[in-house]
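Just so you know, these numbers come straight off a predicted model, no measurement behind them. Just the heavy atoms: all of them, side chains too, but no hydrogens, waters or symmetry mates, feed the values below.
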Amino acid sequence: MPELCRFYGIIVRMFSERGNRHNKPHIHAIYGDCEIVISLDGLILEGGFPNKQLKILEGWMAIHEDELIKNWELLKAGKRYFKIKPIR
């Protein structure tokens, strides 16, 4: 699964699941033993994160919304994705 970014112990990945469980644009994120699948519009599809890390992830997603959408479109079309800048 392509890794888009890492910051504050959070790893963000994305892949297009054509015809599978999550048809809406989304990311997969890991923090320690916690995993979450969250749509680009902010709906939690699976899993969960500690509240602090969820707020950080949601903030990063808001800042990089256009880049996340572009990556989704690229992956859906079978094209190469690009990395997104982390929070510093």
Side-chain angles (χ1 to χ4, degrees):
M1 183 179 322
E3 183 178 306
L4 300 180
C5 191
R6 284 180 185 240
F7 52 90
Y8 298 117
I10 299 170
I11 302 168
V12 180
R13 296 181 174 148
M14 177 186 280
F15 69 103
S16 178
E17 296 176 301
R18 291 182 209 117
N20 288 327
R21 292 188 310 223
H22 309 126
N23 292 321
K24 54 190 326 190
H26 64 279
I27 61 166
H28 297 248
I30 299 169
Y31 177 76
D33 292 336
C34 300
E35 296 185 33
I36 192 167
V37 179
I38 186 167
S39 67
L40 300 188
D41 62 7
L43 178 65
I44 296 173
L45 303 173
E46 272 185 39
F49 259 21
N51 194 47
K52 180 180 177 181
Q53 283 71 27
L54 180 59
K55 296 297 180 198
I56 291 169
L57 179 61
E58 289 171 333
W60 178 83
M61 290 175 68
I63 292 166
H64 297 287
E65 181 178 7
D66 292 340
E67 294 160 289
L68 288 165
I69 291 168
K70 181 65 177 171
N71 265 325
W72 181 265
E73 292 169 354
L74 289 169
L75 290 167
K76 188 174 170 187
K79 297 182 180 178
R80 183 153 173 81
Y81 70 98
F82 58 90
K83 297 273 189 172
I84 300 175
K85 290 183 181 181
I87 296 173
R88 301 248 180 230

(Q) Taking the side chain as everything from C-beta on, heavy atoms only, tell me whether Met61 gets closer than 4.5 Å to Leu40. (A) yes
Q: For Phe7, check side-chain contact (heavy atoms from CB on, under 4.5 Å) against everything at least two apart and list the hits.
A: Cys5, Ile10, Val12, Ile56, Leu57, Trp60, Pro86, Ile87
**Q.** ILVMFWY cluster, Ile30 and Tyr81 together (side-chain gap under 4.5 Å)
**A.** no
Q: Could you tell me which residues satisfy side-chain contact (heavy atoms from CB on, under 4.5 Å) with Ile63, sequence neighbours excluded, listed by chain and number?
A: none
**Q.** Heavy-atom closest pair, residues Arg13 and Glu3
**A.** CG-CA, 3.9 Å
Q.
Using every non-hydrogen atom in the two residues, find where Lys70 and Phe82 come nearest and quote the distance to one decimal.
A. CG-CE2, 3.7 Å
Q) For the residue pair His28 and Phe15, does the interplanar ring angle fall in the parallel (under 30°), tilted (30 to 60°) or perpendicular (over 60°) class? A) parallel
Q) Is atom NZ of Lys83 surrounded by more than 12 heavy atoms (other residues, nucleotides or ligands) closer than 6.0 Å? A) yes
(Q) Is the shortest side-chain heavy-atom distance between His64 and Leu4 below 4.5 Å? (A) no
Q. Does some side-chain heavy atom of Lys55 sit less than 4.5 Å from a side-chain heavy atom of Glu58?
A. yes
Q) Can you list the residues that meet the side-chain hydrogen bond (donor to acceptor under 3.5 Å, both in side chains) rule with Tyr31, with sequence neighbours excluded? A) Gln53
Q: Say whether Ile11 and Leu75 are linked into one hydrophobic cluster, either directly or through other cluster members, by side-chain heavy-atom distances under 4.5 angstrom.
A: no
**Q.** From CD1 (Ile38) to NZ (Lys24), nearest 0.5 Å
**A.** 10.5 Å
Q | Reported CG-to-CZ distance for the pair Asn71 and Arg80, which is rounded to 0.5 angstrom | A | 10.5 Å
Q) For the hydrophobic clusters of this structure (ILVMFWY residues joined by side-chain heavy atoms under 4.5 Å, transitively), does one cluster hold both Ile27 and Leu74? A) yes
